[in-house]
Amino acid sequence: NFSSKEVKSILTSQMTEAIKLSDNGEFIKTDVIYNGVRNNVAYIFLMFVFSIMLYGTVFIYLLYIIKGLSIGIYIGTLFGIFGFWWGMLVFLLMVILINMVYLPALSFIGITLISYNLDIMEYRRETKNITTFSKVVVKVLFGLMIIFSSIIIEQLMSNVIIKINNCVQK
């Protein structure tokens, strides 16, 4: 348990407020998709910058640890909002289903960037970096397309979560 009760209550109240806003129609879906795409592109760009650095693999692994902690806090918050049984259903729809698409794509990108980092360290004086770079860009773009599809799936599942929230409130 990494967070205090105050942090949990703040997260729970913010998620509950976001669900109520989206239920009232004040939450624009395109903004949610845009924010998800923007955040993931920034995350992968940061991984790419780390892959160019000397000790980049360590920083990429740290980004994975931070991502895992954020997913763990998110899961606890879901159970805090919806209770156990509804929380289990929301967990299956919002976490398991989406991360079955998201995490393999993120792992594919991370492995690609780590191997690129190792290639840079091994072949930094040869001309292989240019061909390796183009392969890396294609692989990262492929992974990003899969991540974008998981963002759209998440948006579709959020409509189901709003309906579940209405059932919980009754």
Side-chain angles (χ1 to χ4, degrees), residues 2 11 14-15 17-19 21-23 25-78 89-164:
F2 290 106
L11 286 172
Q14 287 179 351
M15 279 187 71
E17 188 176 320
I19 290 172
L21 281 174
S22 61
D23 189 30
E26 298 175 23
F27 221 53
I28 301 172
K29 293 179 183 178
T30 56
D31 288 344
V32 175
I33 293 173
Y34 172 75
N35 288 335
V37 169
R38 185 189 66 204
N39 292 339
N40 282 296
V41 166
Y43 184 77
I44 290 170
F45 179 75
L46 188 61
M47 287 174 63
F48 183 76
V49 169
F50 287 152
S51 74
I52 298 171
M53 295 171 53
L54 181 63
Y55 297 108
T57 55
V58 174
F59 293 117
I60 292 173
Y61 289 137
L62 285 175
L63 283 176
Y64 275 123
I65 291 170
I66 292 169
K67 187 65 132 177
L69 288 175
S70 67
I71 291 173
I73 290 172
Y74 180 68
I75 292 169
T77 307
L78 286 177
L89 180 63
V90 171
F91 170 70
L92 289 173
L93 291 175
M94 287 293 291
V95 180
I96 297 294
L97 181 65
I98 294 160
N99 284 326
M100 283 175 58
V101 176
Y102 180 77
L103 290 179
L106 188 65
S107 297
F108 175 74
I109 292 172
I111 290 167
T112 300
L113 292 174
I114 288 170
S115 67
Y116 179 61
N117 179 276
L118 296 175
D119 283 346
I120 288 175
M121 296 304 133
E122 189 175 340
Y123 302 112
R124 61 182 157 183
R125 290 194 175 92
E126 295 181 16
T127 59
K128 286 189 172 183
N129 287 338
I130 296 171
T131 58
T132 305
F133 179 76
S134 62
K135 289 179 184 177
V136 166
V137 169
V138 169
K139 288 179 180 180
V140 168
L141 289 176
F142 176 73
L144 274 173
M145 289 188 320
I146 295 172
I147 287 175
F148 295 159
S149 67
S150 73
I151 293 169
I152 292 171
I153 292 170
E154 181 179 15
Q155 183 58 42
L156 294 173
M157 286 296 117
S158 67
N159 294 331
V160 175
I161 301 305
I162 290 169
K163 291 177 183 175
I164 290 173

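No experiment lies behind these values; they were computed from the predicted model shown.
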Roughly how far, to the nearest 0.5 Å, is the CD1 atom of Ile111 from the CG atom of Leu106? 10.0 Å
Validation: residues 136-147 side-chain donor-acceptor distances under 3.5 Å, sequence neighbours left out:
none

Nearest-0.5 Å distance, CD1 of residue Ile152 to CD1 of residue Ile98: 12.0 Å
So for atom CE, which belongs to Met53, do other residues, nucleotides or ligands contribute more than 12 heavy atoms lying within a distance under 6.0 Å? yes
Can Val41 and Phe148 be said to form a side-chain contact (heavy atoms from CB on, under 4.5 Å), step by step? CA-CA 10 Å; Val41 166; Phe148 295 159; 3.9 Å; yes
Taking the side chain as everything from C-beta on, heavy atoms only, tell me whether Leu46 gets closer than 4.5 Å to Phe59. no
Tyr43 meets the ring-ring contact (aromatic ring centres under 6.0 Å, His included) criterion, sequence neighbours left out, with none
Kindly compute the distance separating CG (Asn99) from CD1 (Ile153), expressed to the nearest 0.5 Å. 11.0 Å
Looking at every heavy atom in both Val101 and Ser150, which two are closest together, and how far apart are they? CG1-CB, 3.8 Å
Any side-chain hydrogen bond (donor to acceptor under 3.5 Å, both in side chains) pairs touching residues 62-71, not counting sequence neighbours? Lys67-Tyr102
Starting at CG of Leu113, measure out to CD1 of Ile44 and round the result to the nearest 0.5 Å. 8.0 Å
